[in-house]
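Being a predicted model, the structure only gives us computed values, none of them experimental. Computed over heavy atoms, backbone and side chain alike; hydrogens, waters and symmetry mates excluded.
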Amino acid sequence: DEEIRVLDGVVPEPKRSAPPRGSTWWFRFRSLIGLAGLVALGYGLSMDRKSIQWRFIGVGISVQLAIGFLLLKTPVGTGAFALVRTFVGRVLAFSEQGIGLVFGALGRPYGAPGHPWVVDGVSGDPVALGLVVAFHILPVLIFVGGLTGLLIHLRAVKFTVELLTRGLAKLVGTGGVESLVAVTNVFLGHVQAPLLVRPYLKSLSTPELFTIMTAGFATLASGVLAVYIQLGIDAGHL
């Protein structure tokens with residue numbers, strides 16, 4: 001194992017487990033059971049089963065499977081996978097530069113050169129400071145929030161939202177209000193996105209409100225996305 005010399009002592013590099021191999025048939029079958037279970041749960045809790053539009057459900061599931069196949073099983077998708085991972089990592093690297101400017105060594109990511117070490121009060125051994133919310137998480141949220149605000153000012157978000165909203169409404173069959181909230185969740189999050197359609201909330205039906213709430217819990221805002229990446233989750237998968 002590699003060794004790191006700190007405070008005149010020797011600290012072994014923590015061992016990293018090997019990445020798991022490809023999914024077996026059981027894992028795939030279990031995923032299908034979960035997918036069918038969610039549909040069955042929705043059917044069981046429905047207030048009007050006769051009005052369920054199965055074509056929209058089929059289209060929605062088919063789109064998810066098609067996207068998964070495109071990203072994981074084709075050269076184009078694999079390339080896009082790597083491109084997104086590289087792009088997001090590069091953007092977050094800018095935030096790390098700002099964090100380092102404000103907090104110095106305290107803001108350096110865990111495992112990066114110069115990450116601070118402290119002495120354990122019980123054992124007296126040197127240990128890495130680790131991930132600190134105030135130094136590694138909150139500044140990233142501020143950075144991503146500011147970046148999103150800049151993109152909104154440049155109308156880049158408006159163009160993207162309008163394009164995706166129209167596509168989602170035509171493909172899945174949802175209304176304009178629900179589609180707008182679902183797409184905007186990616187940029188603003190579940191709390192702020194519904195405020196964009198606040199004048200229409202009073203006129204929405206119960207299924208439309210349910211769709212908005214479901215979309216909110218099923219999507220991830222860019223700020224939270226950045227936080228998960230800081231926690232070590234692969235940006236491509238997110």
Side-chain angles (χ1 to χ4, degrees), residues 56 59-60 63-64 66-68 70-72 76-99 101-102 133 136-205 207-238:
F56 293 152
V59 170
V63 169
Q64 293 185 57
I67 293 176
L70 177 66
L71 290 178
L72 300 176
V76 176
T78 305
F81 211 67
L83 181 63
V84 170
R85 179 188 294 110
T86 302
F87 174 76
V88 174
R90 187 70 178 273
V91 171
L92 292 181
F94 296 145
S95 68
E96 293 175 0
Q97 294 293 327
I99 295 173
L101 177 64
V102 176
V133 174
H136 302 111
I137 301 300
L138 296 182
V140 174
L141 288 174
I142 297 174
F143 172 78
V144 174
L147 181 60
T148 303
L150 177 61
L151 293 176
I152 293 176
H153 177 72
L154 297 176
R155 299 183 180 273
V157 171
K158 179 181 179 181
F159 173 79
T160 304
V161 167
E162 290 179 351
L163 182 64
L164 294 178
T165 298
R166 293 175 183 175
L168 185 62
K170 291 182 179 180
L171 184 63
V172 185
T174 53
V177 176
E178 308 99 285
S179 302
L180 175 62
V181 174
V183 173
T184 313
N185 277 331
V186 179
F187 301 97
L188 301 181
H190 183 35
V191 177
Q192 294 89 348
L195 297 179
L196 296 177
V197 295
R198 184 177 181 181
Y200 303 97
L201 293 180
K202 294 181 180 180
S203 61
L204 293 180
S205 63
E208 289 172 333
L209 287 173
F210 182 79
T211 302
I212 290 177
M213 295 299 296
T214 302
F217 287 112
T219 52
L220 192 66
S222 55
V224 183
L225 178 76
V227 170
Y228 283 159
I229 295 174
Q230 290 295 99
L231 294 176
I233 302 177
D234 185 86
H237 291 286
L238 290 173

Side-chain contact test, heavy atoms from C-beta onward, threshold under 4.5 Å: evaluate it for L180 versus V161 and give yes or no.
yes
May I ask you to test the T160-L151 pair for a side-chain heavy-atom distance under 4.5 Å?
no
Side chains of F143 and V91, heavy atoms from C-beta outward: is any pair under 4.5 Å?
yes
How long is the span from the CD atom in E162 to the CZ atom in R155, to the nearest 0.5 Å?
9.5 Å
Heavy atoms of other groups near F87 CZ, more than 12 under 6.0 Å
no
Flag the pair L204 / I212 as yes when at least one side-chain heavy-atom distance between them is below 4.5 Å, and no otherwise.
yes
Separation between OG1 of T184 and NZ of K158, rounded to the nearest 0.5 Å:
12.5 Å
Got a second to check how far L72's CG is from T78's OG1, nearest 0.5 Å?
7.5 Å
Any heavy-atom pair between the side chains of T165 and L168 that's under 4.5 Å?
no
Heavy-atom side-chain proximity of Y228 to L225 below 4.5 angstrom:
no
So, the side chain of E208 versus the backbone of S205: is there a donor-acceptor pair under 3.5 Å, distance only?
yes
Measuring from K202:NZ to L209:CG, what's the distance to the nearest 0.5 Å?
13.0 Å
Check step by step if side chain to side chain contact (heavy atoms under 4.5 Å, CB included) holds for L163 and V183.
CA-CA 10 Å; L163 182 64; V183 173; over 6 Å; no
Point-to-point distance, once rounded to the nearest 0.5 Å, from CD1 of I142 to OG of S95:
11.0 Å
